[in-house]
Enquirer: 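Encoded as structure tokens, here's the structure I'll be asking about.
Remember, it's 1-based here, ligands and their atoms both numbered in the order they're listed. By convention here, the first residue in the shown sequence is residue 1. The model shown is predicted, which means the values in this text are computed figures rather than measured ones.
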Amino acid sequence: MPHDGVPFTEESMARFALLDRLRHPVWVFDIEARRVYWANPPALQVWEAASLDELCSRDMGQDMSDSVARRLQQYQSDFISHDMMFSETWTLYPNGHPRSLKVMFSGIRHQGRMLMLCEALGELQADPDTLRSAEALLHSPVFITLYQADGKALYRNPSAREQVLDPAECWQTRFVDPADLAALQQQLQAHGKGRLVARVLTRQGERWHEVSARHCRDAASGQPAVLVSEMDVSELKEAEARASYLAMHDILTGLPNRNFVQQHYPALLQQARAQNLEVALLCIDLDRFKNINDSLGHGFGDLLLVQMSERLKQLLAHGQQLARQGGDEFLLLLCAPQVKELAASLAAAIVESLGRPLWLHGQEVQLTASVGISLCADGAEDVQSHMRHADLAMYSAKEAGRNGVQFYDESMDARARSRLALEYEIRRGLENGEFEAFYQPRVDCFSGRIVGAEALARWRHPERGLLFPDSFIPASEESGLIRELDRQILAQVASQLANWQQQGRNLQVSVNLSASQFADPELPATLQQILQQSGCPAASIELEITESLLLAHDPHTMKTLAALQAMGFAIAIDDFGTGYSNLAYLQNYPLNTLKIDRSFISGLPQSSAIPELITSLCRILKLAMVAEGVETHAQLDWLREQGCQQYQGYLCSRPLSLRHFNELLEHGEEPPRSAV
Ligand code: C2E
Ligand code: CA
Ligand code: CA
């Protein structure tokens with residue numbers, strides 16, 4: 001009687017009766033129940049069992065390892081799907097004593113279930129080493145297969161059998177990529193052995209295996225054979241792929257990065273040359289992005305970059321290689337038969353698309369971009385010179401007023417050199433104290449009295465004479481030298497204010513602060529030091545900042561402004577009305593003054609809608625208002641009618657050197673223009 005008491009059917013009775021007569025040990029194992037289901041008398045002897053009932057009652061699952069359990073399940077499904085039969089050396093442990101047997105396994109159907117028929121072919125009398133090595137092979141996680149010369153499998157160890165997709169599979173159909181098989185066969189032919197990492201088909205799908213193969217002979221037949229061992233290295237391979245993805249891509253935007261450009265662009269250029277295609281490299285740079293980053297914070301800047309890169313991606317067709325070169329600079333590689341037209345139209349589309357306003361954190365932001373293009377029709381240029389040319393062209397697009405496109409031409413090299421030279425000269429000029437504050441009077445609209453001034457930087461260049469901000473501010477901003485420039489102007493103004501106070505003159509002077517100076521965490525300390533050294537009270541200085549600084553709503557801006565005001569400085573918003581005006585934010589910040597931009601004043605008194613709006617805004621928010629760039633009496637009259645308190649502009653005076661400004665204060669008269 002079998003262990004679970006299920007009676008034998010007639011058919012199986014006949015089968016088991018037959019087996020019962022065999023002289024070698026035969027037993028039936030129930031894989032699901034993990035018990036012996038039936039055994040003939042020689043098998044009972046092998047198992048050292050007192051009776052069939054006693055053997056069937058043994059729980060074989062008790063100290064069965066996971067891998068053996070998994071393997072048995074595998075066998076069961078192999079029996080079901082392929083009607084498999086195979087032999088293996090097994091070591092049984094009846095009552096704890098090891099017995100190594102060669103066992104033939106096959107499936108046997110019984111009452112709708114698949115059981116395992118085990119026939120012991122003989123006891124292995126081999127020496128302990130042979131037994132151990134057979135056991136090791138049996139349990140090794142390495143997949144070991146012996147193929148005969150035509151590629152048919154002669155033997156698989158259990159691990160190999162467990163993962164093979166189809167037991168009838170031969171060596172030739174194992175590899176996903178036939179080139180891998182060819183490479184391995186070539187190595188075998190040349191050296192008798194070979195090794196590679198390849199994708200292979202397994203029951204778990206495609207996996208990466210490290211495959212080692214060597215020529216040998218089949219120990220049974222003496223025929224030539226190939227012994228193959230495989231290890232699953234998929235996880236390693238995936239980690240490797242992930243690491244190389246990270247090394248080659250920018251995490252923020254998901255675009256290929258600078259490393260990618262350096263590694264892959266040369267091959268892409270070579271490919272283009274081989275296909276007789278022309279090449280264009282576009283360098284795309286966001287305008288004034290540094291200001292945004294400095295004033296609105298890096299988190300905001302990052303979000304903007306992501307949105308901009310999404311816009312770029314949308315414009316591209318397959319095969320057009322976009323990369324983020326770093327910061328706010330993108331590269332686009334185009335290879336096409338007539339690339340110039342394509343590059344020009346894509347560049348125009350890029351400028352248009354990036355220039356469209358977008359909403360971020362509830363506010364509208366508008367950026368523009370400049371694009372430089374390097375063309376090469378004959379493919380003779382290398383990546384480095386392409387990049388340099390595209391970069392130069394991009395800079396010249398910026399110089400031409402930004403928000404536009406330029407193709408590279410040779411004259412740009414010379415300009416780049418002179419730009420570098422300029423930076424060097426500014427540095428030297430700062431060391432030699434060649435920068436000087438000029439003063440443009442701030443005038444009371446009603447009394448006509450000079451109540452203060454705006455300090456504007458001038459460069460007394462030893463060879464080129466007096467230079468205006470447009471020739472040195474952009475280069476100073478880009479090189480970061482602007483912070484030192486701002487500091488020097490502030491220091492001059494502070495010590496001059498202290499002088500005037502000693503003479504009994506009470507003036508307030510405003511000074512321009514660049515966005516990067518404002519973002520500098522050292523700013524309050526720098527200002528404190530200037531006040532201490534000069535003896536000037538903070539209240540005599542007004543700091544002019546640009547509107548964009550306020551957009552951030554970030555804690556840093558608020559903290560800095562509050563700190564500066566607590567120190568006693570007045571704060572003015574410069575060029576008001578030209579930025580991304582969001583009037584609601586004004587009331588959130590500690591401010592003293594709005595300066596209406598010159599562009600609104602020049603239209604007065606005809607176009608007065610915006611100046612009117614700004615004057616009423618100042619009244620509501622109780623901010624002082626200064627009109628910039630007042631040139632005519634008609635403009636001044638309009639401002640008076642509106643109740644604007646102060647103005648600056650040529651109507652009173654241009655910015656003057658200290659000496660001339662002092663003369664103006666003394667005599668109430670601007671010196672002749674030639675004297676400046
Ligand atoms: P801003 O702060 O808007 O300065 C006003 C500019 O308008 C000055 O040009 C001034 O000369 C000019 N201006 C004044 N009144 C009139 C007028 O009635 N008509 C016309 N057409 N123009 C007038 P400037 O001195 O060339 O300065 C240009 C810009 O350079 C300044 O614009 C400011 O943004 C920047 N800048 C000047 N000095 C400094 C400085 O020390 N630090 C920083 N960070 N920026 C500075
Ligand atoms: Ca200003
Ligand atoms: Ca201004």
Side-chain angles (χ1 to χ4, degrees), residues 288 290-291 294-295 426 429-430 433-443 450 452-460 466-494 496 508-520 523 526-527 530 541-549 570-579 592-604 614 625-636 639 646-658 660-661 670 673 676:
R288 296 201 172 90
K290 197 175 148 9
N291 269 3
D294 284 343
S295 56
I426 294 173
L430 284 167
E434 293 169 10
F435 291 87
E436 183 177 320
F438 267 45
Y439 296 86
Q440 181 174 45
R442 249 159 90 161
V443 189
I450 294 173
E454 174 177 1
L456 292 156
R458 300 289 182 266
W459 185 3
R460 253 185 228 288
L466 191 70
L467 300 180
F468 286 77
D470 56 358
S471 64
F472 59 84
I473 293 278
S476 307
E477 276 177 344
E478 240 158 63
S479 57
L481 292 168
I482 190 78
R483 291 214 288 278
E484 173 58 13
L485 176 65
D486 282 355
R487 198 195 60 75
Q488 291 195 7
I489 297 291
L490 261 162
Q492 287 178 32
V493 167
Q496 186 51 43
Q508 190 187 48
V509 175
S510 65
V511 182
N512 295 285
L513 268 196
S514 66
S516 69
Q517 174 79 303
F518 187 79
D520 186 355
L523 176 65
T526 308
L527 289 172
I530 289 173
I541 296 178
E542 185 165 67
L543 301 170
E544 293 192 10
I545 59 175
T546 57
E547 230 179 323
S548 62
L549 281 175
I571 312 276
I573 302 296
D574 200 3
D575 303 342
F576 187 75
T578 57
N592 305 83
T593 307
L594 287 193
K595 302 189 79 177
I596 311 187
D597 190 62
R598 192 167 75 221
S599 57
F600 301 118
I601 302 301
S602 62
L604 288 177
I614 298 176
M625 180 169 132
V626 179
E628 293 190 307
V630 176
E631 294 183 350
T632 67
H633 285 288
Q635 290 164 353
L636 180 59
L639 289 166
Q646 291 182 20
Y647 81 92
Q648 284 174 234
Y650 293 173
L651 180 62
C652 167
S653 166
R654 288 161 294 123
L656 302 170
S657 67
L658 177 63
H660 289 132
F661 182 68
E670 193 188 345
R673 264 158 203 260
V676 180

Enquirer: Heavy-atom contacts with Asp575 under 4.0 Å: which atoms of ligand 1 show up? List them by number with element.
Expert: 3 (O)
Enquirer: Let me check your reading of the structure: within less than 3.0 Å of the Ca ion (ligand 3), is there an N/O/S atom from Glu544?
Expert: no
Enquirer: Determine whether any heavy atom of Lys595 lies closer than 4.0 Å to an atom of ligand 1.
Expert: no
Enquirer: Any atoms of ligand 1 less than 4.0 Å from a non-hydrogen atom of Ser514? List them with their elements.
Expert: 44 (N)
Enquirer: Starting from atom 13 (N) of ligand 1, which protein heavy atom do you reach first, and at what distance in Å?
Expert: Arg598 NH1, 3.6 Å
Enquirer: In terms of ring plane angle, is the pair Tyr439 and Phe661 parallel, tilted or perpendicular, where the classes change at 30° and 60°?
Expert: parallel
Enquirer: Return the closest protein heavy atom for atom 30 (O) of ligand 1 as residue, atom name and distance.
Expert: Pro469 CB, 3.4 Å
Enquirer: What protein heavy atom lies closest to atom 46 (C) of ligand 1? Include the residue and the distance to one decimal.
Expert: Ile473 CD1, 3.7 Å
Enquirer: Could you tell me whether ligand 1 has any atom less than 4.0 Å away from a heavy atom of Gln648?
Expert: no
Enquirer: Relative to the heavy atoms of Asp486, which atoms of ligand 1 are at a distance of less than 4.0 Å?
Expert: 40 (C), 42 (N), 43 (C), 44 (N)
Enquirer: Give the atom numbers and elements of ligand 1 that come within less than 4.0 Å of a heavy atom of Ile489.
Expert: 41 (O)
Enquirer: With rounding to 10 degrees, what does the angle Asp574:OD1 / the Ca ion (ligand 3) / Glu628:OE1 come to?
Expert: 100°
Enquirer: Which of the numbered atoms in ligand 1 are below 4.0 angstrom from a heavy atom of Glu454?
Expert: 2 (O), 4 (O)
Enquirer: Can you check the angle at the Ca ion (ligand 2) formed by OD1 of Asn512 and OE2 of Glu454? Round it to the nearest 10°.
Expert: 90°
Enquirer: With respect to atom 25 (O) of ligand 1, which of Glu631, Arg458, Arg654, Gln440 exhibits the smallest heavy-atom separation?
Expert: Arg458
Enquirer: Using a distance threshold of 4.0 Å (strictly less than), state whether atom 41 (O) of ligand 1 has a protein heavy-atom neighbour.
Expert: yes
Enquirer: Closer than 4.0 Å to some heavy atom of Val630 - which atoms of ligand 1 meet that?
Expert: 18 (O)
Enquirer: Going by atom types only, do Glu484 and Gln488 share a side-chain donor-acceptor pair under 3.5 Å?
Expert: yes
Enquirer: Verify the contact flag for atom 9 (O) of ligand 1, where contact means a protein heavy atom under 4.0 Å away.
Expert: no
Enquirer: Quick one: does atom 2 (O) of ligand 1 have a protein heavy atom under 4.0 Å from it?
Expert: yes
Enquirer: At a 4.0 Å threshold, what atoms of ligand 1 neighbour a non-hydrogen atom of Gly649?
Expert: 15 (N), 18 (O)
Enquirer: Hey, which atoms in ligand 1 end up nearer than 4.0 Å to a heavy atom of Pro655?
Expert: 11 (O)
